[in-house]
Amino acid sequence: MGDIDKNSPIGVFDSGVGGLTVVKELMEQLPDERIVYYGDTARVPYGNKSKETVIRYSREIADFLCEQKVKAIVVACNTASALALEELKKSVEVPIIGVVKPGARAAADASQKGKIGVIATRATVSSGIYEAYLKEKRPDIRVYAKACPLFVPLVEEGLTDDPITDSIIHMYLDGLLAEGIDALVLGCTHYPLLRDSIARAVGKDVTLVNPAYETARSFKALLDEKELLCGTGEKNGQNAENRMIAGTRPGNEFFVSDSPEQFRNFAGNVLSIRIGAEDVKVKAFAG
Ligand code: DGL
């Protein structure tokens, strides 16, 4: 694609640590690619902020990633994808995708009955974007969306498998189950980390859709289509090993707007992505 260098890194950003669930999928599916990640840990959460604010934050980060000479960008945050992606597309000159469209596409394919649950932050739910994409793909679909604001702090507190979490899952999801959904979109970066507990609560007749996984697949196809997949070969000889020690591979860089230590701990403890202290830098924006 034009003058974009296919050996440049890919840029990935999120409101904080949650986008690392997308990084994990990218590392699995695109082990040859170098990643520059930005987590806006000083300004998280985005999920209860206005559209204007999320667009402003997302623009600042996308510009910063472009300054790092990334060849393409993944908006690894459902809220930023829902509220800001279309705006970013107008100004960002490299290919850019979000997590919402791939997730919606996979859910439409997964549902037999056409009754789909979507769980996400308040901002994503009120944007109505999952419903719009789902109906674009299958106009007959009925969508039941529910904001689950307590899930993010539960995950960040490490309560992914806990009776308190189980009862909150039931509080949020029982209504959706009563509607007879047969697919459920985990429409927030943190929710795939609750996958086992959610699967227990919804039972085997409901397919759980993880947009992070679907996004990595779509992103790989996009890079391929634009001839931007980085070359394989001697430079990337340790790929199998890189998969095992994701995050420590040379060339991956992580930027956060606050608390680099907390970020590294979450990456290591919750996602088994080990990141060296020198690989996380602080880059904050004013305001
Ligand atoms: N990353 C956000 C999302 O996927 C969740 C955390 C937040 O509210 O910023 O929607």
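Note that ligands are numbered from 1 as they come in the structure, with each ligand's atoms numbered from 1 the same way. All values below were derived from every heavy atom in this structure, side-chain atoms included, with hydrogens, water molecules and symmetry-related copies excluded.
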Going by side chain to side chain contact (heavy atoms under 4.5 Å, CB included), Val118 matches just one of Ile129, Val185, Leu184. Which one?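 Exactly one option meets the side chain to side chain contact (heavy atoms under 4.5 Å, CB included) with Val118, and it is Val185.
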Can you check ring pair (Phe, Tyr, Trp, His ring centres under 6.0 Å) on Tyr172 and Phe151, steps first, answer last? CA-CA 10 Å; Tyr172 285 138; Phe151 283 175; 5.1 Å; yes
How long is the gap from CG on Asp161 to CG on Asp166, to the nearest 0.5 Å?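 If I round to the nearest 0.5 Å, the distance is 7.0 Å.
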Working for salt bridge (charged side-chain N to carboxylate O under 4.0 Å, His left out), residues Lys283 and Glu67: CA-CA 13 Å; Lys283 157 74 192 164; Glu67 283 162 24; 5.9 Å; no
Kindly assign one of parallel, tilted or perpendicular to the pair Phe64 and Phe285, based on the angle between their ring planes and the thresholds 30° and 60°.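 Ring orientation, 0 to 90° scale: perpendicular.
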Does a side chain donor of either Thr121 or Thr124 reach within less than 3.5 Å of an acceptor in the other side chain? yes
Near ligand 1, which residues have a heavy atom under 4.0 Å away from one of its atoms?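 Under the 4.0 Å cut-off, ligand 1 touches Asp14, Ser15, Val44, Pro45, Tyr46, Gly47, Cys77, Asn78, Thr79, Thr121, Cys188, Thr189.
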